[in-house]
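Okay, so here's the structure we're looking at.
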There are 2 protein chains.
Amino acid sequence: MNRASVEKECLERIRPGEEEKRLISEMASALVREIDDSGYAKGMVTGSVARDTWVSGDRDLDVFMLFDPSVKRDFLEKRGMALARDVATRFGGEIIEKYAEHPYVNTHIRGFDVDLVPCYNVEYASKIQSAVDRTPFHTRYIREKVDDLTGDILLMKQFAKSCGVYGSDHMTEGFAGYLCELLVLYYGSFDAVLQNAAVWTPGTIIDIEGHRTKDFDEPLVVVDPVDPERNVASSLSCTKMFEFSVFCRDYLESPSKEFFKIPGQLKISREEFNGEIRKRRTYFYSLVFENPYSIPDILVPQLRKSLRGIENLLERNDFRVLRSDCYMGPERSVLLLELLDEELSPVIKRTGPPVWNRSNADKFLYKHLGKTYSGPYIEDGKYMVEVVRKHLNVLSLLKTQGLAGAALGKNVKKSMEENYSINRNEEIWEEEFSGFLYNYLNKESPNVRILLKKTDDV
Amino acid sequence: MNRASVEKECLERIRPGEEEKRLISEMASALVREIDDSGYAKGMVTGSVARDTWVSGDRDLDVFMLFDPSVKRDFLEKRGMALARDVATRFGGEIIEKYAEHPYVNTHIRGFDVDLVPCYNVEYASKIQSAVDRTPFHTRYIREKVDDLTGDILLMKQFAKSCGVYGSDHMTEGFAGYLCELLVLYYGSFDAVLQNAAVWTPGTIIDIEGHRTKDFDEPLVVVDPVDPERNVASSLSCTKMFEFSVFCRDYLESPSKEFFKIPGQLKISREEFNGEIRKRRTYFYSLVFENPYSIPDILVPQLRKSLRGIENLLERNDFRVLRSDCYMGPERSVLLLELLDEELSPVIKRTGPPVWNRSNADKFLYKHLGKTYSGPYIEDGKYMVEVVRKHLNVLSLLKTQGLAGAALGKNVKKSMEENYSINRNEEIWEEEFSGFLYNYLNKESPNVRILLKKTDDV
């Protein structure tokens, strides 16, 4: 199948139909009207619905409530939340209060997942008081420029989803919808995005408005057209950037429908998982605990930090970590570690102070004198000793030091202090983690999935 | 016992008596006369005998044969060696031809170990043509300055011997006799050497003549009074420098006769050695081969290089080396390695090229596609794979790669190509290596020996 037909077929599938458009636009207008009528704020649809760039079947509807910038923040928050609750209630939606930088209301109305977000209606983007105030500017910017690129943007989003890199949340670390839109605008078409992204290098800078005022560390820099100080791609990881790059490359090389199919989550059975452990002959350990009470965008970085903390604890004690990963399930979180070592020799070599630091050197010397396997001896001017290792196996190390000796995320630590389990090899598999464990063992870049045709259509 | 009596008693023991002096000086004069009479060269006694700084019982006698600098090098070598052979023969000594930078003759005459060394009789030290030409200048320099410091120098040498740091050969990497003499001259007394060396730091510079013309890398720099470009302490290792430093420190702290006793070589029995292995639960491997044909000062660096080569081979393959050492016995050499790991998991993680290097990345991708435990996946912009490890245990690695995969010294490699054995744990101990193995397991700085009173007087 050639590219033109692949993309045509995909577009037919993902472009919202007239009926879908009518439904969502009626819903949006009704919500905006309700907000306008309150007299407190102006309603505005933002997000991909406002930009005509939503993928058919998406049910996310973002409605912002723009308050006059002269009102106090306290008023905005209280009045804004009250208004959001009113609106949601009037449409029969339940109220879920959420919190990003500001509180907002999430609700479900007639099959739509609606966010009602209070913000300031500032005149210029430079005057925003918080990140949410920037969203209306993004909407206006894209709406103005999107022209006849909606098809290209839809393809771009679907392609990024299939690649597993769509979303700027901390778990995904991928491409936000707005970033997808800007890339298509900048390069000029979906095809041009593919051609360019296929040869990306770290340090790529895109500055549509040519107004960048500072340097950025991130591998991809897309300067926000409404804010010269902001990198729209700041949460994109180097890994996801280049997963996308090779996905573009391989699609250009041999296009197929597969590149637009969003893969389903495959699972591994207990038997398969235990079989893999036996094949790898490494040592798997997991730490499992109740999800700490917080939002994913705060917890995911904490899980990662905790994983690094445990890894460092292990490596400091000479247990080598081959790989590790973490996962937040619906109920419980897991830190998974795959080790090259499980038991160690009781001899450990410790480096002491340089002997010319006499007071420290003497302290070290007398502390160890007569209590070593070998030493104290001098190596390159420093005292060295070979003494008894404290932690001879992983389990005893994790049990005694897992909480006290590792740098853990705050909420993670709190949850672990209440309760957590350490599991080894065959104890690890649970139905709840079967997707995560599948992904861990079958870790591969998204192009590999297509090259090997391991796919399960959704 | 106080310091004064310790040192007095030591001096009485090590200062040569009148009879010993007469004997050696007669012997020296006879040799010099013989050389002078030949008409080809001028005889000159060098070394500690000439400087009156030899320790009673030493039997080393260095006699140089100074040729006119106008003769060709070829003449000097041929004529010099012929003369040396003549002289040795006339005194009834057998002839052992040796080679440092130049050929010379070693012989044994009336209980003395005599070196007969041809060199050029240059006018200024700056005009030397090779290192041996410098020796007469050292002798003259010390003879001129030694004054009433001979007692201090004798104590210094005995102290350094007891510390195990006397000798500038490659195995010892310690203090040459000339260096001991210069240190006493510079600081002014044995006591002053102790006081100063006790607080040495790396980068200590001693420049008696104040004529240094360049910077040196070594931890101790003693600029040669007869050559501003030469560091007399260049072959002193950082380890030996500070072993001496702590030895000084501890002697000043609590002086005793022990500091002037040269320890004998203790040995470990097979049973003790095997017991230690069981205690340490590490994995010992040795490579044993015939001593390659060469002189120790060439072979010892080659042994060390080979040991590093084998270590790197092991570490590259994820077998961690706790410590290692090498030893050249009378017949055979041994490389000894103590490992933390003996068997490894069959999974190995390999880092591929960054994906933006498309040609290499694609090669890597297709090479590994479908043949991995996990991957290819992308990590920080690079392809990674987890594939089958080649060498799962030390023995198979050493057997297949010991010769081909490790950077070995040239002569060592030649000897190993003929034959070598790999031994593990209980197979390692042999009578021939029992001193070396004792030292390995009881490695300690020389002050520790005295603190723990583990000594065996000689």
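What you see below is based on every heavy atom in this structure, not just the backbone, and it leaves out hydrogens, waters and symmetry mates. We name chains A, B, ... by the order of the sequence lines, and we start the count at 1 in each one.
- Heavy atoms of A/Asp341 lying under 4.5 Å from chain B belong exclusively to its side chain.
- A salt bridge links B/Glu386 with A/Arg280: the distance from a Lys NZ or Arg NE/NH1/NH2 to an Asp or Glu carboxylate oxygen falls below 4.0 Å.
- Counting heavy-atom pairs under 4.5 Å between each of B/Leu365, B/Leu344, B/Asp250 and chain A puts B/Leu365 at the top.
- With respect to A/Thr282, the side chain to side chain donor-acceptor pair (under 3.5 Å) criterion is satisfied by exactly one of A/Glu338, A/Arg323, A/Glu342: A/Glu338.
- Only the backbone of B/Leu441 has a heavy atom closer than 4.5 Å to any heavy atom of chain A.
- Contact of A/Tyr383 with chain B is made through the side chain alone, with heavy-atom distances under 4.5 Å.
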Which atom pairs, one a donor and one an acceptor, fall under 3.5 Å between side chains of residues 347-364 of chain A and the rest of the protein, sequence neighbours left out?
{"residue": "A/Lys349", "atom": "NZ", "partner": "B/Leu322", "partner atom": "O", "Å": "3.0"}
{"residue": "A/Asn357", "atom": "OD1", "partner": "A/Asn360", "partner atom": "N", "Å": "3.3"}
{"residue": "A/Arg358", "atom": "NH2", "partner": "B/Glu253", "partner atom": "OE1", "Å": "3.2"}

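- Looking at A/Ser235 and A/Glu173, their side chains never bring a donor and an acceptor atom within 3.5 Å of each other.
- Note on A/Arg281, A/Arg320, A/Met241: by heavy-atom pairs under 4.5 Å with chain B, the leading option is A/Arg320.
- Contact tally against chain A (heavy-atom pairs below 4.5 Å) for B/Pro219, B/Cys238, B/Gly370: the top residue is B/Cys238.
- Under the 3.5 Å distance criterion, with hydrogens and angles disregarded, a donor-acceptor pair is assigned to the side chains of A/Asn231 and A/Glu218.
- Of the listed residues (B/Ser374, B/Gly381, B/Ala198), the greatest number of heavy-atom pairs within a distance under 4.5 Å of chain A belongs to B/Ser374.
- Among the candidates B/Phe175, B/Tyr166, B/Phe247, the single residue satisfying the ring pair (Phe, Tyr, Trp, His ring centres under 6.0 Å) test with B/Phe159 is B/Phe247.
- Residue contact with chain A, scored on non-hydrogen atoms closer than 4.5 Å, is absent for B/Tyr283.
- Heavy-atom distances place no part of A/Leu339 under 4.5 Å from chain B, backbone and side chain included.
- Heavy-atom pairs under 4.5 Å with chain B peak, among A/Asp380, A/Val199, A/Thr372, at A/Asp380.
- Pairs engaging residues 236-249 of chain A under the side chain to side chain donor-acceptor pair (under 3.5 Å) rule: none recorded [sequence neighbours left out].
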